[in-house]
Amino acid sequence: LLDVGFRIKLLIALVGSVALLGLASLAVVRYYTDRQVESVVHRAADRALRGLAEVERLRRADLGRIAGRLTGSIRIAAALDAALGEADAGEFVDQVRYELTLAELQQGLVVFADRTGRPVVTLLNGERVADSEEAAEGLAQAGADPDAVAIGYRVFHETLFAVQRHGLE
């Protein structure tokens, strides 16, 4: 009986030592694994942010190019002036569609508003939609300087749009 007690004591000590070593190893492996996962996640997030910034830079340049076509056109300015004086903006819409076709913009939101922010014409993917305050929201408040470019995002008809506000030249 004395011999069995010693064997059990020795087994318990051995199992306890192995269990302690196993738990310590598990803790160390978990610590280093967590650090590696965190490092990989941070690197992936940094790469994604750099990629998104590059896409955003290209998109802003593209929007600026398209806006330049619209705001720099004498025909657009004259047609807008005529549309502001009339109830029907059909000619103005045709001129805007023509410029958008030349700029190769098939999808997007284009809103022309007067200086008070009241929408004059709203085109969604080339089709005229009801001129709503929602579409022009924030255009008048984007800046008092008509030459300033205001940049932001707007949700319209459940779609997120990158928005640039430009004054007509």
Side-chain angles (χ1 to χ4, degrees), residues 1-72 96-97 99-113 116-119 121-167:
L1 204 58
L2 184 57
D3 198 22
V4 173
F6 178 73
R7 287 182 189 165
I8 290 177
K9 287 179 185 178
L10 187 60
L11 182 63
I12 289 174
L14 186 60
V15 168
S17 297
V18 170
L20 189 57
L21 279 171
L23 288 175
S25 297
L26 182 64
V28 168
V29 167
R30 181 179 178 117
Y31 172 74
Y32 282 108
T33 301
D34 287 347
R35 283 186 50 191
Q36 287 294 326
V37 167
E38 188 175 318
S39 174
V40 167
V41 167
H42 282 296
R43 282 195 312 264
D46 287 343
R47 280 194 309 267
L49 285 175
R50 282 193 306 270
L52 182 60
E54 181 65 16
V55 167
E56 182 69 15
R57 184 186 67 76
L58 293 172
R59 187 66 179 148
R60 283 183 182 183
D62 196 35
L63 285 174
R65 178 186 60 81
I66 293 167
R69 284 191 73 92
L70 293 173
T71 60
V96 171
R97 282 186 183 138
E99 288 294 332
L100 292 176
T101 301
L102 290 178
E104 298 177 353
L105 179 72
Q106 283 79 34
Q107 295 185 344
L109 175 66
V110 178
V111 179
F112 284 89
T116 65
R118 182 184 61 84
V121 169
T122 304
L123 298 174
L124 179 61
N125 300 330
E127 297 300 319
R128 187 164 187 194
V129 295
D131 299 323
S132 69
E133 297 299 322
E134 176 191 4
E137 181 183 314
L139 292 178
Q141 298 88 7
D145 182 4
D147 296 327
V149 175
I151 298 172
Y153 293 92
R154 173 106 46 250
V155 175
F156 184 71
H157 285 249
E158 300 178 2
T159 303
L160 180 66
F161 292 97
V163 175
Q164 288 187 0
R165 178 196 159 275
H166 296 265

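Below, each value reflects all heavy atoms present in this structure, side chains not excepted, and no hydrogens, waters or symmetry copies.
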Item to complete: Examine distances only and state if a side-chain atom of Ser25 and a backbone atom of Leu21 form a donor-acceptor pair shorter than 3.5 Å.
Response: yes
Worksheet item: Taking all atoms of both residues into account, what is the closest heavy-atom pair of Arg97 and Arg128, and its distance?
Response: NH2-N, 3.4 Å
Fill in: Spatial distance of atom CZ (Arg43) from atom CZ (Arg47) [nearest 0.5 Å]
7.0 Å
Practice prompt. Taking the side chain as every heavy atom from C-beta outward, state whether Val96 and Val121 have any atom pair closer than 4.5 Å.
Written response: no
Worksheet item: Are the charged groups of Asp62 and Arg65 less than 4.0 angstrom apart, N to O?
Response: yes
Worksheet, complete the sentence: Output for pair (Glu99 CD, Thr71 OG1), nearest 0.5 Å, gives 10.0 Å
Fill in: Rounded distance (nearest 0.5 Å) linking atom CD1 of Ile12 with atom OG of Ser17
11.5 Å
Practice prompt. Quick one: pull up CG in Leu160 and CG in Leu109 and give me the separation to the nearest 0.5 Å.
Written response: 11.0 Å
Discussion item. Rounded at 0.5 Å granularity, tell me how far CZ in Arg7 sits from CG in Leu14.
Written reply: 14.5 Å
Worksheet, complete the sentence: With sequence neighbours left out, the residues meeting side-chain hydrogen bond (donor to acceptor under 3.5 Å, both in side chains) with Asn125 are none
Worksheet entry | All side-chain hydrogen bond (donor to acceptor under 3.5 Å, both in side chains) counterparts of Glu54, not counting sequence neighbours | Arg57
